[in-house]
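Shown next, in structure tokens, is the structure this report addresses.
Quick note on labels: first sequence line is chain A, next is B, and so on, each numbered from 1.
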Number of protein chains: 2
Amino acid sequence: MSANETRSKICEAAIRAAARDGLLSMTLDNVAKEAGVSKGGVMYHFPSKDELVSGVLEYFGNQVEQMVLQRIADDPNPRFRWARSMLTCLFPDSPSDNKTDGSALSPEIVDGFMLAAIAAAVNSPGLIEPLRQVGLRLRQRLLSDPEDGLEQLLVWLAVDGLFLWQFVGLIRRDEPLYAEIGAVLRAKVGAASNVPSGRSAISGEVQR
Amino acid sequence: MSANETRSKICEAAIRAAARDGLLSMTLDNVAKEAGVSKGGVMYHFPSKDELVSGVLEYFGNQVEQMVLQRIADDPNPRFRWARSMLTCLFPDSPSDNKTDGSALSPEIVDGFMLAAIAAAVNSPGLIEPLRQVGLRLRQRLLSDPEDGLEQLLVWLAVDGLFLWQFVGLIRRDEPLYAEIGAVLRAKVGAASNVPSGRSAISGEVQR
DNA sequence: TGACAAGAACCGACCGGCCGGTACAGTAAA
DNA sequence: TTTACTGTACCGGCCGGTCGGTTCTTGTCA
């Protein structure tokens with residue numbers, strides 16, 4: 001097995017353990033066991049716990065960022081492009097469709113990214129700095145849209161709020177409300193199920 | 001000093017330490033030191049770490065819940081009452097006004113509540129169960145508003161998303177954007193600065 | 001082709017420190 | 001006398017980190 005494969009395997013195992021048994025169980029020993037690797041093997045790829053956590057964050061963060069940015073680039077309609085990309089990437093239209101065509105991220109990756117971010121913030125404030133930079137850039141670009149910037153930001157915030165709810169157990173993916181919220185948000189930014197540039201029935205002119 | 005005063009002192013100290021040095025530094029020894037109490041003193045009031053964490057969560061949660069519910073009860077205008085209450089309680093109009101008239105919560109309490117919730121979720125999933133119950137009840141009541149339920153929920157979610165952003169360092173209270181977001185949200189639910197039942201210039205009919 | 005050196009990838013026993021928790025004797029106030 | 005602590009000493013476990021060693025892979029050269 002190549003080095004990169006093992007690294008990925010470790011990152012995924014770390015999140016799997018954290019998701020199942022809580023963030024505190026993301027110890028070197030547990031992660032090693034979960035990944036089917038020895039502790040020394042983990043330490044070989046990530047010389048310290050901090051580097052493991054930031055490595056995990058980077059691993060998931062890159063996947064999310066790539067997907068979101070590509071969706072924006074592919075979207076012909078500039079209006080609400082940012083928020084629409086986030087929604088289609090982070091909310092699969094229906095919980096059951098595991099599309100492998102690369103048009104959306106699997107819940108595992110999305111939740112993993114979230115968990116990794118919280119894990120980083122918990123372990124040491126310095127670890128989220130790279131993520132912070134990415135977030136700030138994204139924020140700035142989104143807000144540079146003169147008309148709809150703030151409105152899109154609110155959609156983004158709502159999505160993140162939903163993650164927080166999930167984290168503290170206030171909502172679960174399989175609840176009907178979860179899909180309802182996704183539908184309302186999607187409607188707000190004109191993201192139909194399969195027609196990205198579709199016109200929403202709901203969102204009237206909200207701004208100004 | 002009475003027992004309850006000491007309990008409060010310990011709870012506040014726990015959050016102070018966590019906010020300053022990270023969640024992991026919320027150890028029994030550190031909390032005791034921060035509170036100016038011996039470790040035995042902490043263990044006297046909270047027989048275990050779990051009980052300390054859930055006690056802290058309860059301490060801050062009660063303050064937030066009380067304030068939010070009272071605001072709702074005092075509001076003569078039923079439309080968007082829930083979301084409006086949250087906003088006025090959790091977003092002070094301007095960062096500098098420390099009103100002691102009890103019309104809003106201090107940022108310390110709000111952030112403390114947030115930190116406590118995350119701390120509980122991190123330490124052990126079971127600890128947030130009481131908070132979960134409160135949240136679910138609140139959610140249900142809010143959604144029972146047939147017209148504006150989901151719209152208010154989005155405001156709530158955005159507020160929580162903003163907390164998450166704060167936690168991972170994506171935004172700070174003193175940034176102009178923070179106040180801007182507050183203003184937009186307040187406008188959406190018709191919460192003017194000092195006229196709770198005011199009509200917003202922005203939020204048109206969004207629903208249906 | 002095959003022997004072999006060299007480094008990359010990985011193993012797992014071990015260590016020191018910290019953390020949650022216990023035990024208990026003492027004390028000041030109500 | 002009860003309540004509300006203080007202070008100290010201690011324990012067992014876990015966790016991050018170290019280290020000497022092993023196995024796998026790859027390039028080199030006769």
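- Of the candidate nucleotides D:dG16, D:dG17, D:dT6, D:dG16 has the atom nearest to the side chain of A:Thr27.
- A close approach under 4.0 Å does occur between a side-chain nitrogen or oxygen of B:Thr6 and OP1 or OP2 of D:dC5.
- Put simply, the residue from A:Lys39, A:Lys9, A:Arg20 that forms a salt bridge (charged side-chain N to carboxylate O under 4.0 Å, His left out) with A:Glu34 is A:Arg20.
- If you measure from atom OH of B:Tyr44 to atom C1' of C:dG20, you get 21 Å, rounded to the nearest angstrom.
- In this entry the distance linking CG of A:Asn4 with P of C:dC10 reads 11 Å, nearest Å.
- In this entry the distance linking NZ of B:Lys9 with P of D:dA4 reads 14 Å, nearest Å.
- Scanning all heavy atoms of the two residues, the minimum distance from B:Glu51 to B:Phe46 falls at O-CD2, 3.4 Å.
- Nearer the 5' end of DNA chain C, as judged by each residue's closest nucleotide, is the contact made by A:Val37, out of A:Val37 and A:Asp29.
- Atom CG of A:Leu28 is separated from atom P of D:dT18 by 11 Å (rounded to the nearest Å).
- Per the geometry, CD belonging to A:Glu5 stands 15 Å off C1' belonging to D:dC24, to the nearest Å.
- Residue-to-nucleotide contacts include a donor-acceptor pair under 3.5 Å from the side chain of B:Lys39 to the base of C:dG21.
- What separates CZ of B:Phe46 from P of D:dC5 is a distance of 11 Å, to the nearest Å.
- Contacts of A:Val42 with the nucleic acid, taken as non-hydrogen atoms under 4.0 Å apart, are absent.
- Under the 30°/60° scheme for interplanar angles, the aromatic rings of A:Phe91 and A:Tyr178 are found to be tilted.
- For A:His45 and C:dA9, the shortest distance from a side-chain N or O to OP1 or OP2 is not below 4.0 Å.
- If you take CE of A:Met26 and C1' of D:dG16, they are 13 Å apart, rounded to a whole angstrom.
- Backbone-only contact: A:Lys49 has heavy atoms under 4.0 Å from sugar-phosphate atoms and none from a base.
- Residue B:Leu24 contributes atom CG, which lies 12 Å from atom P of D:dC15 at whole-angstrom precision.
- A salt bridge links A:Glu151 with B:Lys188: the closest approach of a Lys/Arg side-chain nitrogen to an acidic carboxylate oxygen falls below 4.0 angstrom.
- Each of A:Gly40 and B:Gly40 has a nearest nucleotide on DNA chain D; the 5'-most of these lies closest to B:Gly40.
- No donor-acceptor contact under 3.5 angstrom links the side chains of B:Gln70 and B:Gln66, judged on distance only.
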